[in-house]
Each structure stands twice: as C-alpha cells, then as structure tokens.
Protein chains: 2
Amino acid sequence: MIDYKVGEVAKKVGINVETLRYYEKIKLMPKPKRKESGYRYYDDLDLKRLHFIKRAKELGFSLKEIKELLGLKIESTATCGDVKHLSEHKLEDIRKKINDLKNIESVLIKLINQCLCEAVSTDECPILEVIDSDIIE
Amino acid sequence: MIDYKVGEVAKKVGINVETLRYYEKIKLMPKPKRKESGYRYYDDLDLKRLHFIKRAKELGFSLKEIKELLGLKIESTATCGDVKHLSEHKLEDIRKKINDLKNIESVLIKLINQCLCEAVSTDECPILEVIDSDIIE
DNA sequence: ATTGACTCCGTACCATACTACGGGGCTTAT
DNA sequence: ATAAGCCCCGTAGTATGGTACGGAGTCAAT
C-alpha cells in the first residue's frame with residue numbers, strides 16, 4: 001500500500017497527469033487522499049482501476065460505459081437484481097464483440113495465407129468478407 | 001445492383017446522411033456515382049462497407065484504423081509483403097482484444113452467479129478482477 | 001404545375017476525451 | 001536557503017467524429 005503521487009501514477013499507467021485529474025473531475029476515478037501539502041496520493045487499487053480504464057477504452061468502451069462496468073457491484077440485496085440485469089446486458093454486448101472480432105480474425109488469417117500463396121491482386125476489400133460471415137448484419 | 005440515394009442508404013445502415021457525406025470527405029467511403037441531378041447513388045457493396053465501418057467503430061477501431069483494414073488488399077506482388085506484415089500486426093491486436101474481452105466476460109459470469117447466490121455486498125469493484133486475469137497488465 | 005420530400009453544398013456548431021498553459025505553492029537535493 | 005522539479009487549480013484549446021443549418025435545386029405525386 002505505497003502512496004504514489006500523480007506523476008508516478010501517470011508514468012506507471014502510461015497516461016498523463018491531466019488525464020488523471022480529468023478522470024477525477026468526471027468521477028471515473030474516486031477522489032484520492034491528500035496530504036497536508038494538498039498533493040494527491042494514490043494506492044495500488046487506484047493503479048488497477050486505471051489500467052482497467054485504459055484497456056477498456058481500447059476495447060471500444062466509452063468512459064461512461066467503463067464507469068458502469070466499474071459500478072457493477074452488489075451493495076445490498078436491493079440492488080442485486082439490478083446488478084444481475086445490467087451484467088447480463090453487458091455480457092451479451094461483450095459476447096457479440098468477441099464474435100465479430102473472431103470473424104475479423106479469420107478473414108485476416110485468410111488474407112495472410114493468400115499473401116503467402118502469391119495470390120492475384122484484387123480491387124475488392126477482403127475485409128468485407130466479414131460481413132458475409134453473418135454475425136455483423 | 002440497385003441504386004440507392006443517400007437517404008435510403010442512411011436509413012438502411014442506421015447512420016445519418018451527414019455522416020455519409022463526412023465519410024466521403026475523409027475518404028473512408030469512395031465517391032459514389034452521380035446522376036444528372038447531381039444526386040449520389042450507392043450500391044450494395046457500399047452498404048456492406050458502411051455496415052462494416054459501423055460495427056468496427058463499436059469494436060473500438062478508429063476511422064483511421066478502419067480505413068487501414070479496408071485498405072488491406074493485394075494489389076500487386078510488390079505490396080503483398082506489406083499487406084502480410086500489416087495484417088499480422090492487426091491480427092495480433094485483435095487477438096489481444098478477444099482475450100481481454102473474454103476475461104471481462106468471465107468476470108461478468110461470475111458476478112451474475114454471485115447475484116443468484118445472494119452474495120454479500122462489497123465495496124470493491126468485481127470487474128477489476130479482470131486485471132488479475134493476467135492479460136491486461 | 002405546384003407542393004412536399006429529398007438532395008445539394010459549405011460552414012458552423014457539438015460531444016467526448018483529452019492536452020496545454022500559466023501563475024502559484026511544495027519538496028528535496030545541494 | 002535556494003533552485004530544480006514536482007504539484008496545485010482554473011481555464012482554454014485540440015482532435016476526433018460527427019450533427020445542424022440554411023438557401024437552393026430536384027423529384028414524384030396530386
């Protein structure tokens with residue numbers, strides 16, 4: 001449970017200091033504790049959260065969606081049903097993404113193999129075969 | 001090979017007309033043929049391309065990356081090596097995405113099961129277990 | 001032939017997600 | 001104790017990816 005200053009966190013995670021402050025402002029990150037100096041201090045859980053945010057963005061989630069994912073927790077039996085509902089919804093979404101990415105994956109593999117076989121040139125975009133793979137409609 | 005007008009295309013694909021013009025401007029979509037009126041006319045391949053663009057965005061690719069994916073084609077033996085190289089790079093990228101999404105998937109499944117078992121409430125964010133799943137570092 | 005719906009174009013505006021700036025305070029090493 | 005290198009804050013600017021506006025031409029049905 002070491003205390004990290006903004007700059008250290010930014011460097012470790014690979015974002016910059018302003019982004020960190022921005023995430024705090026939009027409540028994607030909790031307010032960190034401050035010492036007498038007024039400096040922010042972060043812990044390992046914060047780092048974890050930031051790593052997740054960073055990667056989730058690359059996976060196509062908006063900051064709003066990421067906030068929702070991070071908010072999925074059982075806080076009382078009252079919200080348990082909500083959490084379940086929301087999670088199931090997200091799950092479906094994610095499964096579709098996995099499927100579509102797999103389609104793109106297989107088209108790319110095919111394309112790479114064609115390159116190996118000295119295939120003839122074409123005007124068409126091979127990647128559009130993904131559409132015929134039926135998942136993306 | 002029906003000819004579709006902008007409005008029809010927009011409706012079919014679920015984007016709006018201005019977006020279509022925007023894609024043309026940034027060269028993500030080719031210039032469509034025009035009739036005497038000056039109206040744009042699109043065909044089924046254009047629709048396919050637009051569907052792909054739409055979904056690829058949702059999968060976390062930027063318009064620039066989508067343009068690259070669409071540009072992956074063997075145009076001559078000269079570019080064949082390039083295409084292979086680029087495709088392999090994209091492939092790696094996509095495989096990582098699939099992996100990370102699978103991790104998120106399994107955490108969500110776990111969470112849903114906890115909801116069913118009337119688990120106790122927690123302050124932590126279950127989704128952060130994804131980080132421990134080792135893929136996201 | 002005229003009305004309503006659609007299209008044209010350029011330009012301006014918008015939301016999201018940062019990123020930079022600038023004047024000041026804190027901290028740490030010399 | 002002083003200077004380099006952090007950090008503070010508010011505010012403004014940027015890039016990406018659209019979205020809206022408005023005046024004019026086109027099309028299709030009555």
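Predicted, not measured: the structure shown is a model, and the values here were computed from it. So that the names make sense, note that chain A is the first sequence line, chain B the second, and so on, each numbered from 1. In what follows, every heavy atom counts, from backbone to side chain, and hydrogens, waters and symmetry copies are set aside.
- Proximity of A:L47 to A:D44: side-chain heavy atoms (C-beta onward) are separated by under 4.5 Å at one or more points.
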In residues 88-95 of chain A, what donor-acceptor pairs under 3.5 Å come from side-chain atoms, sequence neighbours left out?
from, atom 1, to, atom 2, distance (Å)
A:E88, OE2, A:K84, NZ, 3.0
A:K90, NZ, A:E68, OE1, 2.7
A:R95, NE, B:E105, OE2, 2.7

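- In this structure, the side chain to side chain donor-acceptor pair (under 3.5 Å) partners of A:K35, at least two apart in sequence or on a different chain, are A:D3.
- The list of salt bridge (charged side-chain N to carboxylate O under 4.0 Å, His left out) pairs with a residue in residues 5-15 of chain A, not counting sequence neighbours, is empty.
- Contact annotation: A:Y23 side-chain N/O to C:dC18 OP1/OP2 distance is under 4.0 Å.
- Residues satisfying the side-chain contact (heavy atoms from CB on, under 4.5 Å) test with B:E24, not counting sequence neighbours, are B:K31, B:P32, B:R34, B:R40, B:Y42.
- A search for salt bridge (charged side-chain N to carboxylate O under 4.0 Å, His left out) contacts involving A:K102 returns nothing, not counting sequence neighbours.
- Proximity of B:K25 to the phosphate of C:dC9: no side-chain N or O atom is located under 4.0 Å from OP1 or OP2.
- Put simply, B:R34 has a side-chain N or O that comes within less than 4.0 Å of OP1 or OP2 on C:dC9.
- One atom, CD of A:E24, and another, P of C:dC18, lie 15 Å apart when rounded to the nearest Å.
- Shown here are the side-chain contact (heavy atoms from CB on, under 4.5 Å) partners of B:Y22, two or more places apart in sequence or in another chain: B:I26, B:L63.
- Remark: B:K54 pairs with no residue by the side chain to side chain donor-acceptor pair (under 3.5 Å) rule, at least two apart or across chains.
- With a cutoff of under 4.0 Å to any heavy atom of chain B, the contacted region of DNA chain D is bounded 5' to 3' by D:dG17 to D:dC27.
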A correct 5'-to-3' footprint of nucleotides 19-30 of chain C, with B, S and - meaning base, sugar-phosphate only and no protein heavy atom under 4.0 Å, is BB----BBS---
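- Across the interface with DNA chain D, nearest-nucleotide mapping of A:E8 and B:L28 shows A:E8 to be the residue nearer the 5′ end.
- For B:K48, the side chain to side chain donor-acceptor pair (under 3.5 Å) test picks out A:D132, with sequence neighbours left out.
- A 4.5 Å side-chain heavy-atom check between A:R49 and B:C125 finds at least one atom pair inside the cut-off.
- Taken residue by residue, residues 62-70 of chain B places no heavy atom nearer than 4.0 Å to DNA chain C.
- When the side-chain contact (heavy atoms from CB on, under 4.5 Å) test is applied to A:K27, the partners found at least two apart in sequence or on another chain are A:K67.
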